[in-house]
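Here the structure is laid out as structure tokens; the discussion comes afterwards.
The first residue of the sequence shown is numbered 1, and numbering continues consecutively from there.
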Amino acid sequence: MFGIVNYEVFLVAAILLILTPGTDTMYIISRSISQGRMAGIYSALGISAGVVVHTLLAAFGLSVILMQSALLFNVVKIAGAIYLAYLGIKLIVSKNEKENAQEMPIHSNKKIFFQGMLTNVMNPKVALFFLAFLPQFINTNSGILSPTPFIILGVTYTLVGGIWCTITAYFSSMATNKLRSSTKASMILNKVTGFVFIAMGIKILQTKPSA
């Protein structure tokens with residue numbers, strides 16, 4: 001159907017891959033622990049939006065250009081690492097998150113959403129994954145050259161991943177709810193989250209086109 005083969009196998013493989021902790025999972029957990037349930041959920045939504053962007057890039061061949069251009073690959077990789085490091089340093093040097101919490105509702109949630117999306121979009125490892133994973137379930141001999149198979153598989157992956165990420169955000173925030181109620185503990189959680197973001201940025205820098 002639509003040039004897709006072994007869809008059931010894809011679904012099982014996608015679930016197993018999503019359940020395996022990665023950069024996105026760590027990002028969502030860190031946000032949830034330091035800033036609460038809504039921050040975690042908006043981060044999860046942002047990550048899911050980033051996956052949609054990668055799906056469209058893979059579907060229309062733009063990811064291939066990224067993989068074939070060492071310069072462009074490195075630019076995206078460095079930009080993503082710098083952005084994560086920036087977010088991490090910002091959390092580390094913040095004095096009191098509780099003072100900012102009252103300003104958080106609309107603007108902050110929107111900001112968290114876009115930050116989650118950018119961290120995913122600017123991670124070339126995700127582009128590598130989509131180019132390596134999705135084509136295995138597309139029948140290239142079917143004569144179908146449309147982006148439809150990529151989009152269907154990508155949307156499936158996004159929906160399954162989005163559900164799991166939301167569950168992760170919910171339980172991560174619930175487990176640390178009491179810690180966040182303490183000003184001192186909240187500040188420590190922010191700083192730990194900041195260091196986690198910097199570590200993720202360093203990990204992105206280690207990504208190579210041949211991966």
Side-chain angles (χ1 to χ4, degrees), residues 1-20 22-28 31 41-84 87 109-166 168-169 200 204 207-211:
M1 184 178 66
F2 301 110
I4 297 173
V5 294
N6 299 322
Y7 181 78
E8 298 82 3
V9 177
F10 166 79
L11 193 57
V12 173
I15 291 172
L16 292 175
L17 287 166
I18 287 165
L19 292 178
T20 304
T23 303
D24 291 343
T25 304
M26 290 304 299
Y27 180 86
I28 292 166
R31 280 289 191 192
I41 290 174
Y42 273 90
S43 293
L45 292 174
I47 293 293
S48 297
V51 174
V52 171
V53 172
H54 278 290
T55 297
L56 295 176
L57 290 176
F60 293 101
L62 298 178
S63 288
V64 177
I65 297 174
L66 174 65
M67 294 304 105
Q68 291 181 343
S69 171
L71 176 61
L72 184 58
F73 182 90
N74 286 324
V75 167
V76 172
K77 178 174 72 173
I78 293 170
I82 290 173
Y83 184 68
L84 275 171
L87 293 179
N109 287 337
K110 187 185 293 185
K111 191 174 181 181
I112 289 170
F113 171 85
F114 283 110
Q115 286 177 344
M117 184 175 72
L118 279 175
T119 56
N120 185 275
V121 170
M122 297 170 74
N123 184 354
K125 203 168 185 178
V126 182
L128 280 170
F129 166 76
F130 268 74
L131 280 179
F133 184 59
L134 297 188
Q136 297 180 48
F137 302 94
I138 296 175
N139 183 8
T140 55
N141 297 320
S142 65
I144 298 176
L145 300 176
S146 76
T148 304
F150 275 99
I151 293 174
I152 292 174
L153 293 176
V155 168
T156 300
Y157 191 90
T158 302
L159 289 175
V160 176
I163 292 170
W164 172 247
C165 288
T166 302
T168 300
M200 290 192 303
I204 285 178
T207 305
K208 296 179 181 179
S210 59

In Å and rounded to the nearest 0.5 Å, what is the [atom1] to [atom2] distance from [X] to [Y]?
{"X": "Phe150", "Y": "His54", "atom1": "CZ", "atom2": "NE2", "value": "14.0 Å"}
{"X": "Ile28", "Y": "Leu45", "atom1": "CD1", "atom2": "CG", "value": "9.0 Å"}
{"X": "Ile152", "Y": "Thr55", "atom1": "CD1", "atom2": "OG1", "value": "11.5 Å"}
{"X": "Phe114", "Y": "Asn109", "atom1": "CZ", "atom2": "CG", "value": "12.0 Å"}
{"X": "Ile163", "Y": "Thr168", "atom1": "CD1", "atom2": "OG1", "value": "11.5 Å"}
{"X": "Leu16", "Y": "Leu11", "atom1": "CG", "atom2": "CG", "value": "10.0 Å"}

List the residues meeting side chain to side chain contact (heavy atoms under 4.5 Å, CB included) with Ile82, not counting sequence neighbours, and say none if there are none.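 Once residues adjacent in sequence are excluded, the partners of Ile82 under the side chain to side chain contact (heavy atoms under 4.5 Å, CB included) criterion are Ile78.
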Return the minimal non-hydrogen interatomic distance between [X] and [Y], and the atom names on each side.
{"X": "Ser43", "Y": "Ile112", "result": "OG-CG2, 3.2 Å"}
{"X": "Phe137", "Y": "Asn6", "result": "CD2-O, 3.6 Å"}
{"X": "Ser48", "Y": "Gly162", "result": "OG-CA, 3.5 Å"}
{"X": "Phe113", "Y": "Ala49", "result": "CZ-CB, 3.7 Å"}
{"X": "Tyr27", "Y": "Thr119", "result": "CE1-CG2, 3.9 Å"}
{"X": "Gly50", "Y": "Met117", "result": "N-CG, 3.7 Å"}

Only one of Val121, Val155, Thr158, Leu56 passes side chain to side chain contact (heavy atoms under 4.5 Å, CB included) with Val51; say which it is.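 The passing option is Thr158.
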Side chain to side chain contact (heavy atoms under 4.5 Å, CB included) partner of Ile47, the single match among Asn120, Asn123, Val126: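 Exactly one pass, corresponding to Asn120.
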Report the relative orientation of the aromatic rings in Phe10 and Tyr157; use parallel for angles under 30°, tilted for 30 to 60°, perpendicular for over 60°.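 The arrangement is tilted - the two ring planes meet at 30° to 60°.
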